[in-house]
Structure formats: C-alpha cells, structure tokens
Amino acid sequence: MLIMIKKRSDPLVIGKVVGEVVDSFSPTAKMSVIYNSKNHVYNGHHLLPSTLISKPKVLLHAAGDFSTFFTLIMTDPDVPGPSDPFLREHVHWIVTNIPGSTDSSFGREVVSYEMPRPNIGIHRLVFILYKQKKRMQSVSVPLCRDGFCSRKFSVEHELGQPVAALFFNCQRETAARAR
C-alpha cells in the first residue's frame, strides 16, 4: 500500500510526465539541472523563459564512473499548447556519451540547445536521463524538432528505461515581465 501512495505522490506522475513522455520507471541515478549558475530545476516549479537563454549545466551525481555513459534529452511535450499538443514532443536538446559523475559539458551534443519559447499556456520542459549500454558511435538525429518521441529514440538507441527525470513549468512572459 505504501508503494502505491508513493507513486501517486511522485511529481513526475502528478505532472503527467510519466504516461505522456516516459513509462513508469525506478530512478537509479540523480541529476541536478542548473540555469545561469543559480536557477535550480525542481519538479513542477516555474521558470521564466528569460532565465533559459543559455543551456543549463546538468550534473550527474553518483551515476557510475568515467566508463559509464549517459544520454540526456530535454523535451517539451506541450507543443504548440497544452490543450492540443499535436506537435508533441518538441526536442530542445540531446547530449550523448556523458561520462558518469560528470556534467553535460563532457558529453557529445547531437542536437544543439534551443531555449524554450512557449506561446500558448503553461508548458512542461522535461529532462530525461538514460544510461547507455556502451559509448555511442553514431546517433540518428531527428530531422525536425517537432514530433520527436523520447520513447522511440530510447528504443532506436537501445537505451531502455530512464534512470532519472526532472521537469519544470514555463509560460510566455509578457513584455513588461521580460524586461
């Protein structure tokens, strides 16, 4: 019974990241996502687009050693708007071959970082971390950022289930707020 309650209270379940973006998984690694050296990402918290201009630093904590590699995906499942996300998912960033216990700057950026620019409603921006079976020599890069599917990418590259995930909310800033 306690396990069921825990799953219901998991922010990834409440935020519908589990179900809409990834399948249920058991976290086996931890990561921290930090924008501009001060804005930490916490599940379900809100960040303004003006703070997301530069790519974040993603730190892997106790996630293996230098011979263990990870893939990081940042995606928006609410494109163009949360009430009708017919372009789901929009991929903002993919980094592969990140050595364990380092950060995203040590990996290979295969899809360059694109800052979130939500136009309609509140969007969820999701960071998904996968443990690789081995160092990736080649990666099939999506032809278009819209219509991306994290699950499909995971299957194509034999990544399995995520080992960690985080998400934050973001919405369009008014002109007065962005100044």
For this session: Could you tell me whether Asp23 and Arg151 have a side-chain N and a carboxylate O separated by less than 4.0 Å?
Result: yes

For this session: Output every pair passing salt bridge (charged side-chain N to carboxylate O under 4.0 Å, His left out) with a member in residues 105-122, not counting sequence neighbours, ordered by first then second residue.
Result: Lys55-Glu109, Glu114-Arg145

For this session: Kindly write out the residues that satisfy ring pair (Phe, Tyr, Trp, His ring centres under 6.0 Å) with Phe148, not counting sequence neighbours, or none if the list is empty.
Result: Phe153

Problem set entry | Gly107 backbone acceptor or donor facing Asn97 side chain under 3.5 Å | no

For this session: For the residue pair Arg124 and Lys16, establish whether any side-chain heavy-atom pair is separated by less than 4.5 Å.
Result: yes

Exercise. Mind checking who shares a hydrophobic cluster with Ile34, ILVMFWY linked at side-chain heavy-atom distances under 4.5 Å?
Worked result: Leu59

Exercise. Within a strict 4.5 Å, meaning less than it, do heavy atoms of the Arg172 and Pro49 side chains meet?
Worked result: no

Exercise. When clusters are formed by joining ILVMFWY residues with side-chain heavy atoms under 4.5 Å apart, either directly or through shared neighbours, do Ile53 and Val95 land in the same one?
Worked result: yes

Exercise. In Å and rounded to the nearest 0.5 Å, what is the CG to CD distance from Asp78 to Gln171?
Worked result: 12.0 Å

For this session: Kindly indicate whether the side chain of Leu52, heavy atoms from C-beta on, has any atom under 4.5 Å from the side chain of Cys170.
Result: yes

Exercise. Less than 4.5 Å apart, any side-chain heavy atom of Pro116 and any of Met74?
Worked result: yes

Seminar exercise, completed: The reported gap from NZ in Lys133 to CG in Leu159 (rounded to nearest 0.5 angstrom) is 8.5 Å

Problem set entry | Under 3.5 Å side-chain donor-acceptor pair for His61 and Ser32 | yes

Exercise. Roughly how far, to the nearest 0.5 Å, is the CZ atom of Phe168 from the NE2 atom of His123?
Worked result: 11.5 Å

Exercise. Same hydrophobic cluster for Val41 and Leu125, using side-chain heavy-atom links shorter than 4.5 Å among ILVMFWY?
Worked result: yes

For this session: Any chance you could pull the hydrophobic cluster mates of Leu87, using side-chain heavy atoms under 4.5 angstrom and chaining through other members?
Result: Val79, Phe86

Exercise. According to the ring-ring contact (aromatic ring centres under 6.0 Å, His included) rule, which pairs have a member within residues 16-40, sequence neighbours left out?
Worked result: none

Seminar exercise, completed: dist Gln161:CD -> Ser24:OG (nearest 0.5 Å) comes out at 8.0 Å

Exercise. For the residue pair Leu60 and Pro99, what are the closest heavy atoms and their distance?
Worked result: CD1-O, 3.9 Å

Seminar exercise, completed: From the list Thr68, Thr71, Thr96, side-chain hydrogen bond (donor to acceptor under 3.5 Å, both in side chains) partner of Gln132 resolves to Thr71

Exercise. Do you reckon Ile128 sits in the same ILVMFWY cluster as Phe69, going by side-chain contacts under 4.5 Å, direct or chained?
Worked result: no

Exercise. What heavy-atom pair brings Pro162 and Val22 nearest, and what distance separates the two atoms?
Worked result: CG-CG1, 3.8 Å

Exercise. Of the non-hydrogen atoms in Pro56 and Ser104, which two are nearest, and what is the gap between them?
Worked result: O-OG, 3.9 Å

Exercise. How far does CG of Asn43 sit from CG of Leu166, to the nearest 0.5 angstrom?
Worked result: 5.0 Å

For this session: Please check if Val141 and Tyr130 belong to a single hydrophobic cluster, counting links between Ile, Leu, Val, Met, Phe, Trp and Tyr side chain heavy atoms closer than 4.5 Å.
Result: yes

Exercise. Looking at CZ of Phe167 and OG1 of Thr75, how far apart are the two atoms once the value is rounded to the nearest 0.5 Å?
Worked result: 13.5 Å

Exercise. Can you list every pair that meets ring-ring contact (aromatic ring centres under 6.0 Å, His included) and has a residue in residues 96-118, with sequence neighbours left out?
Worked result: Trp93-Tyr113

For this session: Flag yes if more than 12 heavy atoms outside Glu158 fall under 6.0 Å of its CD atom; otherwise flag no.
Result: no

Exercise. Any side-chain donor-acceptor pair under 3.5 Å between Asn169 and His46?
Worked result: no

Problem set entry | Common cluster, Leu47/Ile120, ILVMFWY with side-chain heavy-atom separation under 4.5 Å | no

For this session: Examine distances only and state if a side-chain atom of Asp103 and a backbone atom of Ser105 form a donor-acceptor pair shorter than 3.5 Å.
Result: yes

